[in-house]
Amino acid sequence: MKIDKFWLSVLVILIAGFAFTKLADNEFYFFTTYVVLQGLIMAVAWNILGGFTGYVNFGSAGFFAVGVYTTVALNKAFGLPLPVLLLAAGVICGLLGLAAGYLTLRLKGVYFAIATLATALVLETIVNNWKFVGGAAGTYVLQPKGSFIFDNYIELLFMLMLVLAVAATAISRYLSSSRIGQGLAAIRDDEVAAECMGVPTLRLKLISTTAMGALMGIAGAPFPFFVTFVDPVSAFALVIAVNAIAMPMIGGTAVWYGPVIGALLLGAIQETATVTISSELNLLIVGVMLVLFITLAPKGIVGLIQDYKKKKGANNG
Amino acid sequence: MGNSITVKDVEAGYGSVRVLHGVSLTVNDGETVVMLGSNGNGKSTLIKCITGLVEPSAGEITAEINGESINLIGKTPEEIVDLGIAMVPEGRRLFPALTVEENLTLGAYRPEARAKIDENMKFVFETFPRLEERRKQLAGSMSGGEQQMVAVARALMSDPKILLVDEPSVGLAPILVSQMIAKIKELKDIKNLTVLMAEQNFNQAIKIADRGYIIVHGQIEFEGEDTAALENNDMIKQYYLGV
(Lines give C-alpha, C1' and ligand atoms only; values in the text may rest on other atoms or scores of the structure.)
Protein backbone atom coordinates (compact mmCIF):
# COMPACT_ATOMS: atom_id res chain seq x y z
CA MET A 1 0.00 0.00 0.00
CA LYS A 2 1.29 3.41 -0.90
CA ILE A 3 1.26 5.87 1.96
CA ASP A 4 0.48 9.44 1.02
CA LYS A 5 3.55 11.64 1.47
CA PHE A 6 1.45 14.37 3.05
CA TRP A 7 -0.02 12.19 5.77
CA LEU A 8 3.36 10.62 6.45
CA SER A 9 4.80 14.12 7.03
CA VAL A 10 1.86 14.91 9.28
CA LEU A 11 2.61 11.84 11.38
CA VAL A 12 6.31 12.69 11.59
CA ILE A 13 5.56 16.31 12.56
CA LEU A 14 3.14 15.27 15.30
CA ILE A 15 5.52 12.68 16.74
CA ALA A 16 8.40 15.15 16.60
CA GLY A 17 6.22 17.77 18.30
CA PHE A 18 5.32 15.35 21.07
CA ALA A 19 8.95 14.30 21.54
CA PHE A 20 9.85 17.99 21.71
CA THR A 21 7.55 18.49 24.70
CA LYS A 22 9.28 15.61 26.49
CA LEU A 23 12.84 16.63 25.65
CA ALA A 24 12.91 20.42 25.79
CA ASP A 25 12.63 21.91 29.24
CA ASN A 26 12.92 25.61 28.49
CA GLU A 27 9.37 26.93 28.33
CA PHE A 28 10.47 29.75 26.07
CA TYR A 29 10.51 27.38 23.07
CA PHE A 30 6.86 26.54 23.56
CA PHE A 31 5.80 30.14 23.96
CA THR A 32 7.58 31.16 20.79
CA THR A 33 6.43 28.23 18.64
CA TYR A 34 2.88 28.75 19.87
CA VAL A 35 2.91 32.24 18.38
CA VAL A 36 4.33 30.99 15.08
CA LEU A 37 1.72 28.21 14.86
CA GLN A 38 -1.08 30.63 15.70
CA GLY A 39 0.10 32.80 12.81
CA LEU A 40 0.24 29.74 10.58
CA ILE A 41 -3.39 28.82 11.23
CA MET A 42 -4.45 32.42 10.60
CA ALA A 43 -2.45 32.53 7.37
CA VAL A 44 -3.83 29.21 6.11
CA ALA A 45 -7.37 30.36 6.96
CA TRP A 46 -6.92 33.74 5.27
CA ASN A 47 -5.60 32.05 2.17
CA ILE A 48 -8.78 29.99 1.68
CA LEU A 49 -10.65 33.20 0.90
CA GLY A 50 -7.78 35.50 -0.09
CA GLY A 51 -5.61 33.12 -2.07
CA PHE A 52 -7.94 30.48 -3.50
CA THR A 53 -10.99 32.67 -4.04
CA GLY A 54 -9.37 36.07 -4.56
CA TYR A 55 -11.26 38.06 -1.93
CA VAL A 56 -8.99 40.07 0.36
CA ASN A 57 -10.04 40.06 4.01
CA PHE A 58 -8.61 42.86 6.16
CA GLY A 59 -10.69 41.91 9.17
CA SER A 60 -8.92 38.70 10.19
CA ALA A 61 -8.26 40.06 13.68
CA GLY A 62 -12.04 40.35 14.14
CA PHE A 63 -12.59 36.64 13.58
CA PHE A 64 -9.60 35.80 15.76
CA ALA A 65 -10.89 38.02 18.56
CA VAL A 66 -14.37 36.53 18.41
CA GLY A 67 -12.69 33.15 18.96
CA VAL A 68 -10.76 34.63 21.88
CA TYR A 69 -13.83 36.17 23.47
CA THR A 70 -15.94 33.05 22.93
CA THR A 71 -13.47 31.30 25.21
CA VAL A 72 -13.42 34.15 27.70
CA ALA A 73 -17.21 34.35 27.91
CA LEU A 74 -18.00 30.64 27.98
CA ASN A 75 -15.15 29.91 30.37
CA LYS A 76 -16.35 32.60 32.76
CA ALA A 77 -20.01 31.64 32.49
CA PHE A 78 -19.84 27.84 32.51
CA GLY A 79 -16.20 26.83 32.95
CA LEU A 80 -16.35 24.53 29.95
CA PRO A 81 -13.40 22.27 29.04
CA LEU A 82 -10.99 23.40 26.31
CA PRO A 83 -12.17 21.05 23.51
CA VAL A 84 -15.73 22.33 23.92
CA LEU A 85 -14.47 25.92 23.83
CA LEU A 86 -12.56 25.22 20.62
CA LEU A 87 -15.65 23.72 19.05
CA ALA A 88 -17.81 26.62 20.18
CA ALA A 89 -15.36 29.18 18.80
CA GLY A 90 -15.22 27.29 15.52
CA VAL A 91 -18.99 27.14 15.19
CA ILE A 92 -19.58 30.78 16.22
CA CYS A 93 -16.85 32.16 13.95
CA GLY A 94 -17.94 29.87 11.12
CA LEU A 95 -21.44 31.31 11.39
CA LEU A 96 -19.98 34.80 11.61
CA GLY A 97 -18.02 34.07 8.41
CA LEU A 98 -21.17 32.80 6.74
CA ALA A 99 -23.17 35.88 7.76
CA ALA A 100 -20.40 38.33 6.90
CA GLY A 101 -19.96 36.57 3.58
CA TYR A 102 -23.64 36.71 2.80
CA LEU A 103 -23.78 40.42 3.54
CA THR A 104 -20.51 41.52 1.96
CA LEU A 105 -19.75 39.16 -0.92
CA ARG A 106 -21.73 41.14 -3.45
CA LEU A 107 -19.01 43.75 -2.99
CA LYS A 108 -15.95 43.31 -5.14
CA GLY A 109 -12.28 44.15 -4.81
CA VAL A 110 -11.39 47.03 -2.57
CA TYR A 111 -14.98 47.48 -1.35
CA PHE A 112 -15.01 43.96 0.01
CA ALA A 113 -11.72 44.64 1.79
CA ILE A 114 -13.18 47.81 3.37
CA ALA A 115 -16.29 45.94 4.48
CA THR A 116 -14.21 43.29 6.25
CA LEU A 117 -12.18 45.98 7.99
CA ALA A 118 -15.39 47.66 9.11
CA THR A 119 -16.73 44.34 10.43
CA ALA A 120 -13.66 43.97 12.64
CA LEU A 121 -14.09 47.52 13.96
CA VAL A 122 -17.74 46.91 14.77
CA LEU A 123 -16.83 43.74 16.65
CA GLU A 124 -14.10 45.56 18.57
CA THR A 125 -16.56 48.28 19.61
CA ILE A 126 -18.98 45.64 20.85
CA VAL A 127 -16.31 43.90 22.93
CA ASN A 128 -15.07 47.23 24.29
CA ASN A 129 -18.52 47.81 25.72
CA TRP A 130 -19.23 44.31 26.94
CA LYS A 131 -18.65 44.40 30.71
CA PHE A 132 -19.01 40.63 31.25
CA VAL A 133 -15.77 39.92 29.39
CA GLY A 134 -13.96 42.87 30.91
CA GLY A 135 -14.77 45.57 28.37
CA ALA A 136 -11.95 47.87 27.35
CA ALA A 137 -10.06 47.23 30.60
CA GLY A 138 -9.59 43.54 29.83
CA THR A 139 -9.87 40.51 32.05
CA TYR A 140 -7.73 37.82 33.64
CA VAL A 141 -8.24 34.21 32.62
CA LEU A 142 -6.93 31.40 34.82
CA GLN A 143 -5.35 28.40 33.18
CA PRO A 144 -7.31 25.25 33.99
CA LYS A 145 -5.75 22.89 36.48
CA GLY A 146 -3.99 19.80 35.20
CA SER A 147 -2.13 19.47 31.95
CA PHE A 148 -3.16 16.03 30.64
CA ILE A 149 -0.02 14.01 29.81
CA PHE A 150 2.20 17.08 29.61
CA ASP A 151 4.54 18.56 32.20
CA ASN A 152 2.86 21.94 32.21
CA TYR A 153 0.06 23.85 30.55
CA ILE A 154 2.17 25.60 27.94
CA GLU A 155 3.34 22.26 26.56
CA LEU A 156 -0.28 21.21 26.27
CA LEU A 157 -1.13 24.44 24.44
CA PHE A 158 1.82 24.01 22.13
CA MET A 159 0.79 20.47 21.22
CA LEU A 160 -2.81 21.58 20.76
CA MET A 161 -1.71 24.37 18.43
CA LEU A 162 0.44 21.95 16.46
CA VAL A 163 -2.49 19.60 15.96
CA LEU A 164 -4.75 22.50 14.95
CA ALA A 165 -2.15 23.87 12.52
CA VAL A 166 -1.80 20.48 10.88
CA ALA A 167 -5.59 20.10 10.71
CA ALA A 168 -6.01 23.58 9.20
CA THR A 169 -3.39 22.81 6.59
CA ALA A 170 -5.05 19.49 5.77
CA ILE A 171 -8.42 21.22 5.34
CA SER A 172 -6.92 23.89 3.12
CA ARG A 173 -5.11 21.23 1.08
CA TYR A 174 -8.31 19.26 0.68
CA LEU A 175 -10.24 22.37 -0.38
CA SER A 176 -7.64 23.34 -2.97
CA SER A 177 -7.44 19.94 -4.61
CA SER A 178 -11.13 19.13 -4.60
CA ARG A 179 -13.88 20.20 -6.93
CA ILE A 180 -14.56 23.07 -4.52
CA GLY A 181 -11.00 24.30 -5.08
CA GLN A 182 -11.42 24.19 -8.86
CA GLY A 183 -14.55 26.27 -8.52
CA LEU A 184 -12.79 28.74 -6.21
CA ALA A 185 -9.93 29.10 -8.68
CA ALA A 186 -12.48 29.81 -11.41
CA ILE A 187 -14.06 32.54 -9.25
CA ARG A 188 -10.63 34.06 -8.62
CA ASP A 189 -9.82 34.09 -12.32
CA ASP A 190 -13.12 35.34 -13.74
CA GLU A 191 -16.24 35.27 -11.64
CA VAL A 192 -18.67 35.96 -14.49
CA ALA A 193 -17.14 33.20 -16.59
CA ALA A 194 -17.40 30.86 -13.63
CA GLU A 195 -21.08 31.66 -13.39
CA CYS A 196 -21.52 31.05 -17.12
CA MET A 197 -20.03 27.58 -16.67
CA GLY A 198 -22.56 26.70 -13.99
CA VAL A 199 -20.17 27.04 -11.06
CA PRO A 200 -22.32 27.83 -7.99
CA THR A 201 -20.34 30.97 -7.18
CA LEU A 202 -22.28 32.24 -4.17
CA ARG A 203 -22.36 28.83 -2.48
CA LEU A 204 -18.63 28.31 -2.99
CA LYS A 205 -17.79 31.79 -1.72
CA LEU A 206 -19.87 31.14 1.39
CA ILE A 207 -18.11 27.82 1.94
CA SER A 208 -14.81 29.65 1.82
CA THR A 209 -15.83 32.49 4.18
CA THR A 210 -17.27 29.93 6.60
CA ALA A 211 -14.14 27.78 6.56
CA MET A 212 -11.98 30.87 6.94
CA GLY A 213 -14.03 32.19 9.86
CA ALA A 214 -14.15 28.85 11.67
CA LEU A 215 -10.39 28.29 11.42
CA MET A 216 -9.61 31.83 12.58
CA GLY A 217 -11.96 31.43 15.54
CA ILE A 218 -10.29 28.16 16.48
CA ALA A 219 -6.90 29.85 16.23
CA GLY A 220 -8.10 32.44 18.75
CA ALA A 221 -9.86 30.09 21.16
CA PRO A 222 -6.81 28.92 23.19
CA PHE A 223 -5.30 32.44 23.24
CA PRO A 224 -6.79 33.53 26.62
CA PHE A 225 -5.13 30.54 28.36
CA PHE A 226 -1.88 31.35 26.59
CA VAL A 227 -1.66 35.00 27.65
CA THR A 228 -3.91 34.76 30.78
CA PHE A 229 -4.82 38.42 30.40
CA VAL A 230 -7.03 39.46 27.50
CA ASP A 231 -8.03 42.92 26.43
CA PRO A 232 -9.46 44.14 23.12
CA VAL A 233 -6.16 45.78 22.15
CA SER A 234 -4.32 42.46 22.19
CA ALA A 235 -7.16 40.37 20.74
CA PHE A 236 -7.84 42.77 17.86
CA ALA A 237 -4.17 43.61 17.37
CA LEU A 238 -3.20 45.08 14.02
CA VAL A 239 -0.28 42.68 13.73
CA ILE A 240 -2.68 39.69 13.72
CA ALA A 241 -4.57 40.95 10.67
CA VAL A 242 -1.42 42.13 8.92
CA ASN A 243 0.40 38.84 9.51
CA ALA A 244 -2.58 36.87 8.21
CA ILE A 245 -2.21 38.72 4.91
CA ALA A 246 1.58 38.99 4.82
CA MET A 247 2.35 35.34 5.48
CA PRO A 248 0.42 33.96 2.46
CA MET A 249 1.69 36.83 0.28
CA ILE A 250 5.29 36.02 1.18
CA GLY A 251 4.86 32.26 0.84
CA GLY A 252 2.60 32.30 -2.22
CA THR A 253 -1.19 32.45 -2.30
CA ALA A 254 -2.02 30.10 -5.16
CA VAL A 255 -1.19 26.83 -3.41
CA TRP A 256 -2.03 25.37 -0.01
CA TYR A 257 1.59 25.19 1.15
CA GLY A 258 2.32 28.84 0.31
CA PRO A 259 0.94 30.28 3.57
CA VAL A 260 2.64 27.49 5.54
CA ILE A 261 6.04 28.47 4.15
CA GLY A 262 5.33 32.17 4.63
CA ALA A 263 4.13 31.68 8.20
CA LEU A 264 7.13 29.61 9.24
CA LEU A 265 9.56 32.07 7.66
CA LEU A 266 7.99 35.33 8.78
CA GLY A 267 7.01 33.90 12.17
CA ALA A 268 10.55 32.67 12.83
CA ILE A 269 12.08 36.02 11.85
CA GLN A 270 9.62 37.95 14.00
CA GLU A 271 10.13 35.77 17.04
CA THR A 272 13.90 35.92 16.70
CA ALA A 273 13.78 39.69 16.36
CA THR A 274 11.54 39.98 19.39
CA VAL A 275 14.12 38.24 21.56
CA THR A 276 17.29 39.64 20.10
CA ILE A 277 16.25 43.20 19.29
CA SER A 278 12.80 44.37 20.33
CA SER A 279 9.17 43.34 20.09
CA GLU A 280 8.33 46.71 18.58
CA LEU A 281 10.21 45.66 15.47
CA ASN A 282 7.59 43.08 14.43
CA LEU A 283 5.35 45.33 12.38
CA LEU A 284 8.32 46.96 10.71
CA ILE A 285 9.67 43.56 9.65
CA VAL A 286 6.31 42.55 8.21
CA GLY A 287 6.03 45.86 6.38
CA VAL A 288 9.48 45.69 4.86
CA MET A 289 9.12 42.05 3.82
CA LEU A 290 5.69 42.69 2.35
CA VAL A 291 6.96 45.60 0.26
CA LEU A 292 9.95 43.57 -0.90
CA PHE A 293 7.86 40.59 -1.91
CA ILE A 294 5.10 42.55 -3.59
CA THR A 295 7.61 44.43 -5.74
CA LEU A 296 10.19 41.71 -6.36
CA ALA A 297 8.28 38.43 -6.08
CA PRO A 298 4.53 39.02 -6.33
CA LYS A 299 3.87 35.29 -6.47
CA GLY A 300 5.77 34.68 -3.23
CA ILE A 301 8.43 32.11 -2.50
CA VAL A 302 6.46 29.35 -4.21
CA GLY A 303 6.25 31.49 -7.34
CA LEU A 304 9.99 32.19 -7.22
CA ILE A 305 10.76 28.48 -7.03
CA GLN A 306 8.34 27.65 -9.84
CA ASP A 307 9.85 30.33 -12.08
CA TYR A 308 13.35 29.11 -11.28
CA LYS A 309 12.40 25.52 -12.14
CA LYS A 310 10.79 26.65 -15.39
CA LYS A 311 13.89 28.59 -16.38
CA LYS A 312 16.10 25.64 -15.57
CA GLY A 313 13.81 23.36 -17.54
CA ALA A 314 13.87 25.74 -20.51
CA ASN A 315 17.67 25.90 -20.46
CA ASN A 316 18.03 22.13 -20.32
CA GLY A 317 15.40 21.44 -22.91
CA MET B 1 -37.38 14.56 -27.82
CA GLY B 2 -36.89 18.15 -28.86
CA ASN B 3 -34.53 20.76 -27.51
CA SER B 4 -35.65 24.27 -28.23
CA ILE B 5 -35.85 27.78 -26.83
CA THR B 6 -38.76 30.18 -26.93
CA VAL B 7 -38.35 33.82 -25.97
CA LYS B 8 -41.54 35.85 -25.73
CA ASP B 9 -41.90 39.63 -25.28
CA VAL B 10 -38.78 39.89 -23.17
CA GLU B 11 -37.84 43.24 -21.72
CA ALA B 12 -34.58 43.70 -19.88
CA GLY B 13 -31.90 46.21 -19.06
CA TYR B 14 -29.23 47.32 -16.62
CA GLY B 15 -30.42 49.69 -13.88
CA SER B 16 -32.49 52.39 -15.52
CA VAL B 17 -31.19 51.65 -19.02
CA ARG B 18 -33.64 49.52 -20.98
CA VAL B 19 -31.93 47.34 -23.58
CA LEU B 20 -34.55 44.89 -24.78
CA HIS B 21 -38.01 46.14 -25.66
CA GLY B 22 -40.22 43.12 -26.13
CA VAL B 23 -38.04 40.63 -27.98
CA SER B 24 -39.56 37.37 -29.18
CA LEU B 25 -37.73 34.61 -30.96
CA THR B 26 -37.66 30.85 -31.20
CA VAL B 27 -34.97 28.32 -31.86
CA ASN B 28 -36.46 25.00 -32.90
CA ASP B 29 -35.02 21.57 -32.30
CA GLY B 30 -31.82 21.04 -34.25
CA GLU B 31 -31.79 24.47 -35.82
CA THR B 32 -28.98 26.96 -36.05
CA VAL B 33 -30.45 30.38 -35.61
CA VAL B 34 -28.41 33.54 -35.92
CA MET B 35 -29.13 36.85 -34.25
CA LEU B 36 -27.70 39.64 -36.34
CA GLY B 37 -27.08 43.18 -35.28
CA SER B 38 -24.28 45.60 -34.63
CA ASN B 39 -22.87 46.49 -31.20
CA GLY B 40 -25.20 47.71 -28.52
CA ASN B 41 -28.45 46.39 -29.93
CA GLY B 42 -29.06 43.79 -27.24
CA LYS B 43 -27.77 40.51 -28.65
CA SER B 44 -25.58 39.72 -25.67
CA THR B 45 -28.23 40.91 -23.24
CA LEU B 46 -30.70 38.45 -24.71
CA ILE B 47 -28.21 35.61 -24.37
CA LYS B 48 -27.55 36.67 -20.78
CA CYS B 49 -31.30 36.59 -20.14
CA ILE B 50 -31.51 33.04 -21.44
CA THR B 51 -28.58 31.91 -19.27
CA GLY B 52 -29.90 33.63 -16.15
CA LEU B 53 -27.11 36.20 -15.85
CA VAL B 54 -29.58 39.03 -16.40
CA GLU B 55 -33.12 38.85 -15.09
CA PRO B 56 -35.74 40.13 -17.54
CA SER B 57 -38.22 42.65 -16.16
CA ALA B 58 -41.01 41.21 -18.30
CA GLY B 59 -41.66 38.40 -20.73
CA GLU B 60 -41.24 34.66 -20.85
CA ILE B 61 -38.30 32.43 -21.64
CA THR B 62 -38.91 28.71 -21.87
CA ALA B 63 -36.68 25.89 -22.94
CA GLU B 64 -37.73 22.49 -24.10
CA ILE B 65 -35.24 19.87 -23.01
CA ASN B 66 -35.83 16.31 -24.24
CA GLY B 67 -39.40 17.32 -24.93
CA GLU B 68 -40.04 18.70 -21.47
CA SER B 69 -40.96 22.36 -21.27
CA ILE B 70 -39.15 24.33 -18.56
CA ASN B 71 -39.56 27.95 -17.51
CA LEU B 72 -36.13 29.58 -17.34
CA ILE B 73 -37.17 32.85 -15.70
CA GLY B 74 -35.97 33.05 -12.11
CA LYS B 75 -33.53 30.17 -12.49
CA THR B 76 -29.89 30.69 -11.57
CA PRO B 77 -27.15 30.29 -14.22
CA GLU B 78 -26.08 27.14 -12.41
CA GLU B 79 -29.56 25.59 -12.75
CA ILE B 80 -29.74 26.57 -16.39
CA VAL B 81 -26.36 25.01 -17.16
CA ASP B 82 -27.57 21.91 -15.31
CA LEU B 83 -30.46 21.65 -17.77
CA GLY B 84 -28.00 21.28 -20.63
CA ILE B 85 -27.80 24.84 -21.93
CA ALA B 86 -24.21 25.93 -22.45
CA MET B 87 -22.82 29.29 -23.37
CA VAL B 88 -19.73 30.51 -25.17
CA PRO B 89 -19.53 34.00 -23.69
CA GLU B 90 -18.63 37.10 -25.62
CA GLY B 91 -14.93 37.84 -25.56
CA ARG B 92 -14.32 34.18 -24.60
CA ARG B 93 -13.90 34.87 -20.87
CA LEU B 94 -11.50 32.04 -20.19
CA PHE B 95 -9.82 31.51 -16.85
CA PRO B 96 -6.48 33.01 -17.92
CA ALA B 97 -4.36 31.81 -15.00
CA LEU B 98 -5.56 28.22 -15.35
CA THR B 99 -4.34 25.68 -17.88
CA VAL B 100 -6.32 24.58 -20.93
CA GLU B 101 -7.11 21.33 -19.20
CA GLU B 102 -8.32 23.08 -16.04
CA ASN B 103 -10.49 25.38 -18.14
CA LEU B 104 -12.06 22.37 -19.80
CA THR B 105 -12.56 20.58 -16.49
CA LEU B 106 -14.42 23.62 -15.19
CA GLY B 107 -16.70 23.43 -18.19
CA ALA B 108 -17.82 20.08 -16.85
CA TYR B 109 -18.81 21.40 -13.43
CA ARG B 110 -22.38 20.15 -13.58
CA PRO B 111 -22.81 16.65 -12.12
CA GLU B 112 -24.14 15.07 -15.30
CA ALA B 113 -21.16 16.33 -17.30
CA ARG B 114 -18.72 15.29 -14.63
CA ALA B 115 -19.59 11.65 -15.17
CA LYS B 116 -18.70 11.96 -18.84
CA ILE B 117 -15.61 14.08 -18.39
CA ASP B 118 -13.11 11.67 -19.97
CA GLU B 119 -15.30 10.93 -22.94
CA ASN B 120 -16.00 14.61 -23.60
CA MET B 121 -12.38 15.62 -23.10
CA LYS B 122 -11.39 13.05 -25.71
CA PHE B 123 -14.03 14.39 -28.05
CA VAL B 124 -12.96 18.03 -27.78
CA PHE B 125 -9.33 17.08 -28.22
CA GLU B 126 -10.24 15.20 -31.39
CA THR B 127 -12.16 18.23 -32.59
CA PHE B 128 -9.40 20.68 -31.64
CA PRO B 129 -6.11 18.74 -31.77
CA ARG B 130 -4.29 21.98 -31.06
CA LEU B 131 -5.74 22.04 -27.57
CA GLU B 132 -4.43 18.58 -26.78
CA GLU B 133 -0.91 19.72 -27.70
CA ARG B 134 -1.33 22.68 -25.37
CA ARG B 135 -3.31 21.13 -22.57
CA LYS B 136 -0.81 22.22 -19.91
CA GLN B 137 -0.44 25.77 -21.21
CA LEU B 138 -2.06 28.69 -19.41
CA ALA B 139 -5.15 29.76 -21.30
CA GLY B 140 -4.22 33.44 -20.99
CA SER B 141 -0.99 32.90 -22.90
CA MET B 142 -2.63 31.51 -26.05
CA SER B 143 -3.51 33.26 -29.28
CA GLY B 144 -6.99 34.62 -29.91
CA GLY B 145 -7.96 31.75 -32.20
CA GLU B 146 -6.78 29.14 -29.74
CA GLN B 147 -8.57 30.90 -26.91
CA GLN B 148 -11.80 30.80 -28.90
CA MET B 149 -11.26 27.06 -29.38
CA VAL B 150 -10.91 26.69 -25.61
CA ALA B 151 -14.09 28.71 -25.08
CA VAL B 152 -16.10 26.52 -27.47
CA ALA B 153 -14.52 23.32 -26.14
CA ARG B 154 -15.21 24.39 -22.56
CA ALA B 155 -18.88 24.91 -23.36
CA LEU B 156 -19.04 21.46 -24.96
CA MET B 157 -17.56 19.90 -21.84
CA SER B 158 -20.86 20.54 -20.08
CA ASP B 159 -22.41 18.08 -22.52
CA PRO B 160 -25.06 20.53 -23.68
CA LYS B 161 -28.16 20.03 -25.76
CA ILE B 162 -28.50 23.69 -26.54
CA LEU B 163 -25.50 25.86 -27.32
CA LEU B 164 -25.55 29.65 -27.11
CA VAL B 165 -22.66 31.32 -28.87
CA ASP B 166 -22.06 35.01 -28.32
CA GLU B 167 -20.03 36.62 -31.11
CA PRO B 168 -17.48 33.93 -31.91
CA SER B 169 -15.80 36.26 -34.41
CA VAL B 170 -14.77 38.99 -31.98
CA GLY B 171 -11.07 39.77 -32.23
CA LEU B 172 -10.25 37.03 -34.70
CA ALA B 173 -8.54 37.22 -38.08
CA PRO B 174 -10.99 36.59 -41.00
CA ILE B 175 -9.54 33.17 -41.80
CA LEU B 176 -9.96 32.09 -38.20
CA VAL B 177 -13.51 33.38 -38.14
CA SER B 178 -14.50 31.19 -41.03
CA GLN B 179 -12.71 28.19 -39.50
CA MET B 180 -14.47 28.74 -36.19
CA ILE B 181 -17.86 29.09 -37.85
CA ALA B 182 -17.27 25.87 -39.78
CA LYS B 183 -16.25 24.15 -36.56
CA ILE B 184 -19.46 25.19 -34.84
CA LYS B 185 -21.44 23.69 -37.72
CA GLU B 186 -19.43 20.48 -37.53
CA LEU B 187 -19.96 20.18 -33.76
CA LYS B 188 -23.62 20.93 -34.12
CA ASP B 189 -24.01 18.08 -36.62
CA ILE B 190 -22.02 15.55 -34.58
CA LYS B 191 -23.65 16.38 -31.25
CA ASN B 192 -27.14 17.14 -32.57
CA LEU B 193 -27.08 20.52 -30.92
CA THR B 194 -29.62 23.28 -31.11
CA VAL B 195 -27.66 26.48 -31.64
CA LEU B 196 -28.41 30.16 -31.11
CA MET B 197 -25.60 32.40 -32.25
CA ALA B 198 -25.24 36.16 -31.87
CA GLU B 199 -23.03 37.58 -34.57
CA GLN B 200 -22.14 40.80 -36.34
CA ASN B 201 -20.42 39.15 -39.23
CA PHE B 202 -23.32 38.48 -41.58
CA ASN B 203 -21.34 36.81 -44.36
CA GLN B 204 -19.86 34.27 -42.02
CA ALA B 205 -22.93 33.62 -39.93
CA ILE B 206 -25.12 33.05 -42.96
CA LYS B 207 -22.94 30.10 -43.98
CA ILE B 208 -24.22 27.90 -41.21
CA ALA B 209 -27.51 29.49 -40.20
CA ASP B 210 -30.86 27.91 -40.99
CA ARG B 211 -32.61 31.19 -40.36
CA GLY B 212 -32.09 34.40 -38.51
CA TYR B 213 -33.32 37.54 -36.84
CA ILE B 214 -32.13 41.09 -37.15
CA ILE B 215 -32.14 42.93 -33.85
CA VAL B 216 -31.99 46.73 -33.80
CA HIS B 217 -32.22 48.88 -30.65
CA GLY B 218 -33.56 46.01 -28.59
CA GLN B 219 -36.29 44.97 -30.98
CA ILE B 220 -36.55 42.29 -33.62
CA GLU B 221 -36.72 44.28 -36.87
CA PHE B 222 -36.78 41.39 -39.26
CA GLU B 223 -37.28 37.65 -39.13
CA GLY B 224 -35.81 35.75 -42.05
CA GLU B 225 -37.40 32.36 -42.70
CA ASP B 226 -34.31 31.22 -44.53
CA THR B 227 -30.94 32.56 -45.53
CA ALA B 228 -32.24 33.83 -48.86
CA ALA B 229 -34.79 36.02 -47.09
CA LEU B 230 -31.99 37.50 -44.99
CA GLU B 231 -29.77 38.12 -47.96
CA ASN B 232 -32.55 39.93 -49.76
CA ASN B 233 -33.44 42.08 -46.80
CA ASP B 234 -32.91 45.80 -47.31
CA MET B 235 -31.33 46.35 -43.94
CA ILE B 236 -28.81 43.60 -44.54
CA LYS B 237 -28.03 45.01 -47.94
CA GLN B 238 -27.53 48.42 -46.45
CA TYR B 239 -25.49 47.47 -43.39
CA TYR B 240 -23.52 44.47 -44.46
CA LEU B 241 -23.41 44.11 -48.18
CA GLY B 242 -23.00 47.77 -49.02
CA VAL B 243 -25.48 47.78 -51.89
Side-chain angles (χ1 to χ4, degrees), chain A residues 47 50-56 102 105-106 108-109 175-208 248-249 252-256 258 297-300 302-304 306-307 309-311 313-314 317, chain B residues 44 47-48 50-54 75-99 101-115 117 136-141 147 150-151 153-160 163-166:
Chain A
N47 200 51
F52 299 163
T53 325
Y55 278 79
V56 173
Y102 193 78
L105 276 173
R106 61 200 75 214
K108 301 254 151 80
L175 281 177
S176 76
S177 61
S178 69
R179 195 158 157 245
I180 295 173
Q182 289 174 1
L184 296 179
I187 293 171
R188 179 185 60 206
D189 247 24
D190 188 333
E191 196 164 337
V192 175
E195 216 159 314
C196 291
M197 292 305 113
V199 175
T201 51
L202 181 64
R203 207 186 322 148
L204 289 182
K205 287 191 290 184
L206 291 178
I207 289 174
S208 77
M249 293 278 195
T253 55
V255 286
W256 62 268
K299 284 187 279 178
V302 172
L304 276 182
Q306 280 171 349
D307 287 350
K309 272 190 186 161
K310 234 181 249 167
K311 238 181 233 164
Chain B
S44 296
I47 287 196
K48 284 181 185 154
I50 298 172
T51 50
L53 290 167
V54 170
K75 283 207 176 351
T76 63
E78 181 199 346
E79 290 166 334
I80 291 170
V81 172
D82 279 349
L83 290 173
I85 301 176
M87 171 187 189
V88 182
E90 184 180 12
R92 305 181 269 276
R93 294 207 90 117
L94 299 181
F95 305 111
L98 304 184
T99 64
E101 203 165 11
E102 285 167 333
N103 267 275
L104 296 177
T105 310
L106 277 162
Y109 209 83
R110 75 180 184 117
E112 212 176 300
R114 213 156 181 83
I117 199 159
K136 297 286 176 209
Q137 192 173 332
L138 296 185
S141 69
Q147 290 196 13
V150 179
R154 185 181 59 177
L156 287 173
M157 289 298 293
S158 75
D159 208 37
L163 185 65
L164 308 171
V165 189
D166 197 356

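Values reported hereafter were calculated over all heavy atoms of this structure, with side chains retained and with hydrogens, waters and symmetry mates removed. Numbered from 1 within each chain, the chains take letters A, B, ... in sequence-line order. Predicted model, so just to flag it, every value in this text is computed and none were measured.
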> Checking heavy atoms, do the side chain of A/A254, its backbone, both or neither come under 4.5 Å from chain B?
Replying inline: neither
>> Show, in sequence, the C-alpha distance, side-chain angles and deciding distance for A/Y55 and A/K205, and conclude whether the side-chain contact (heavy atoms from CB on, under 4.5 Å) test is met.
In response: CA-CA 9 Å; A/Y55 278 79; A/K205 287 191 290 184; 3.3 Å; yes
>> Could you check whether any side-chain N or O of A/T253 sits under 3.5 Å from a backbone N or O of A/M249, counting only pairs where one atom can act as donor and the other as acceptor?
In response: no
>> Quick check: do A/D189 and B/P96 have side-chain heavy atoms less than 4.5 Å from each other?
In response: yes
> Atom CG of B/N103 and atom CZ of B/R93: how far apart are they, to the nearest 0.5 Å?
Replying inline: 13.0 Å
> For B/A97, is it the side chain, the backbone, both or neither that has a heavy atom under 4.5 Å from a heavy atom of chain A?
Replying inline: both
>> Using heavy-atom distances under 4.5 Å, tell me whether B/L53 contacts chain A through its side chain, its backbone, both, or neither.
In response: side chain
> Is chain A contacted by the side chain of B/I80, its backbone, both, or neither, given a heavy-atom distance below 4.5 Å?
Replying inline: neither
>> Please classify the contact between B/R92 and chain A as side chain, backbone, both or neither, with a heavy-atom cut-off of under 4.5 Å.
In response: neither
>> Donor-acceptor pair, distance only, cut-off 3.5 Å: does the side chain of B/R154 make one with the backbone of B/L106?
In response: no
> With only heavy atoms counted, which part of A/R179 is less than 4.5 Å from chain B, the side chain, the backbone, both or neither?
Replying inline: both
> Is there a donor-acceptor pair closer than 3.5 Å between any side-chain N or O of B/R110 and the backbone N or O of B/D159?
Replying inline: yes
> So which of B/T51, B/V88, B/L98, B/T76 has the biggest tally of heavy-atom pairs under 4.5 Å with chain A?
Replying inline: B/L98
